[in-house]
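Chain A is the first sequence line, chain B the second, and so forth, proteins listed ahead of strands; every chain is numbered from 1.
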There are 2 protein chains.
Amino acid sequence: MLDVAILGLLMDRDHHGYEVRSQLRERLGVSANVSFGSIYPALARLERHGLVEAVAPAAPRSPAISTGSLAGERASLRSLRTSAGLGRRGRKVYRITERGRQEFRALLADPTTVDDGRTFSLRVALARYLTPALRVRLLERRRQDLLERLTEVRQGADNPDLDAYARSVMSHAAHSVELDLEWIDDLLSIERSDSETFAREAK
Amino acid sequence: MLDVAILGLLMDRDHHGYEVRSQLRERLGVSANVSFGSIYPALARLERHGLVEAVAPAAPRSPAISTGSLAGERASLRSLRTSAGLGRRGRKVYRITERGRQEFRALLADPTTVDDGRTFSLRVALARYLTPALRVRLLERRRQDLLERLTEVRQGADNPDLDAYARSVMSHAAHSVELDLEWIDDLLSIERSDSETFAREAK
DNA sequence: GTTCCATCATATCACTTCGATATATCGATG
DNA sequence: CATCGATATATCGAAGTGATATGATGGAAC
């Protein structure tokens, strides 16, 4: 689901690979540091599929009339970089394409993929790109999954075959799921009160 | 860290691959269904490294004096399986070796690997195999990580650049981390009261 | 009793992700 | 002006995922 995350960031504004990593944490709440070994291949993949494109850099500094041979080499290297989409400081900045926007909305709304905690949080963080109806569907789907998980970990917490540590893990998992459920119910009640407001104003 | 999980299960009793998957959920609280595409290669890897070994099955039913050619083929197939460590119903049961036990304790206590939520829960679920001192170290290390994460997500929750959904994700992440911290502090206080009890009894 | 189905069980595939490592540039500090 | 930490891209092997194939087993339905 890294693709959705990257496309989601690019919906807002252009980014280069290095920046994507920090933005994932800061804007989308991704807890683990996603490795560059997944980000750069992902960007290349998205570019290959025509969902993003490399952006010509803003203003590649004064053209610098070359004098010495060394300076000339450096200048040509620089122009080589800029033509390849590399801006100042070797940055390769990407922009989302129209096909990318379409694909992003499709991926974000896709009901066939099962969410775990990470992908669900990611989707919520990007929920402003969903319609109210799709938001409610996303939340209710996750709610169901969590209810099932809850009965499972509650059983584990009461399982006398497990030692105190394993039971503690199960019991904490149960509390954690309960907290998630409260969150989802909050979000759902906000969605519903929003749609009420909308209905009232529509009169 | 799948290796630790599997070795941890085998510390208790022998298992075959298919069983490992369910036990991961039931006994170790792993939330995602770990795929067979990782379990079987992991077992093969552990066997290659001499940390586990295939077990000859308990009692491969009555030897069945073969009569017809078809029955004979089936019987020979069965003996072929049993000799390869395949028991009834094609199960390949694994047992942990002495080297495996040593490696398990080393991996479980290893302070160089950074825990995320999943690996930390896994380690706690297996914490009975750690010494009290190592348990406290594990808990305090995680506690530090969570405190850092907490300041980060709290900043995100207050960041006016983010929309309501992204801020909600951050705010929920903060509550979730707070719950984790309470859990860890509970576990720590239990560890300390246990060591007190021990000290008192030692008098 | 045998046919049929869900579950049990192993295995492999292409693809994605991770963690480590290499390399180079920029900007501030001394 | 040297050097060090942060910025930035890239690539590698190992490991995990999700899908799919294949077949045995046990029990239920008829």
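Distance NZ (A:K92) to P (C:dA24): 17 Å, rounded to an integer number of Å. Distance, B:I39 CD1 to C:dC8 C1': 14 Å, rounded to whole Å. Rounded to whole Å, the distance from OH on A:Y40 to P on C:dC18 is 15 Å. With rounding to whole Å, A:M1 atom CE is found 15 Å from D:dT17 atom P. Summarising the geometry, the separation between CG on B:L43 and P on D:dA15 is reported as 13 Å, rounded to the nearest angstrom. One interatomic measurement links the two molecules: CD of B:E47 to C1' of C:dT10, which rounds to 14 Å at whole-angstrom precision. Per the geometry, CD belonging to A:E19 stands 14 Å off C1' belonging to D:dT9, to the nearest Å. The nearest whole Å value for the distance from the CG atom in B:L46 to the C1' atom in D:dG16 is 14 Å.
Of all non-hydrogen atoms in A:L28 and B:V169, the two that sit nearest each other are O-CG1, 4.3 Å.
Proximity of residues 101-111 of chain B to DNA chain C (heavy atom under 4.0 angstrom from any strand atom) is not detected for any residue.
The structure places CG of A:D115 at 6.0 Å from CG of A:L138, a figure rounded to the nearest 0.5 Å.
Within the 3.5 Å criterion, the main-chain N or O of B:L162 finds a donor-acceptor partner in the side chain of B:R167.
Comparing D:dG16, D:dA10, C:dT10 against the side chain of B:F36 picks out C:dT10 as the nearest. Minimum atom distance to the side chain of B:R91 is reached by C:dA9, of the listed C:dT17, C:dT10, C:dA9. Listed nucleotides: D:dA10, D:dG18, C:dT17. Nearest to the side chain of B:S35: D:dG18. Here C:dT10 is the nucleotide among C:dT10, C:dT17, D:dA15 with the atom lying nearest to any side-chain atom of B:H16.
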For this session: Test salt bridge (Lys or Arg N to Asp or Glu O under 4.0 Å) on A:D12 and A:R128 and set out the steps.
Result: CA-CA 11 Å; A:D12 221 36; A:R128 71 169 178 283; 3.2 Å; yes
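Residue contacts shown for B:G37 include a base, since a base heavy atom lies under 4.0 Å away.
Note on A:S38: a side-chain N or O is less than 4.0 Å away from OP1 or OP2 of C:dC18. Under 4.0 angstrom from either OP1 or OP2 of C:dT10 there lies no side-chain N or O belonging to B:Y18.
Environment of CZ in B:R137: sparse, with no more than 12 heavy atoms of neighbouring residues, nucleotides or ligands closer than 6.0 Å.
Side-chain contact, B:W183 with A:S171: no donor N or O sits under 3.5 Å from an acceptor N or O.
At least one side-chain heavy atom of A:E191 sits under 4.5 Å from a side-chain heavy atom of A:L139.
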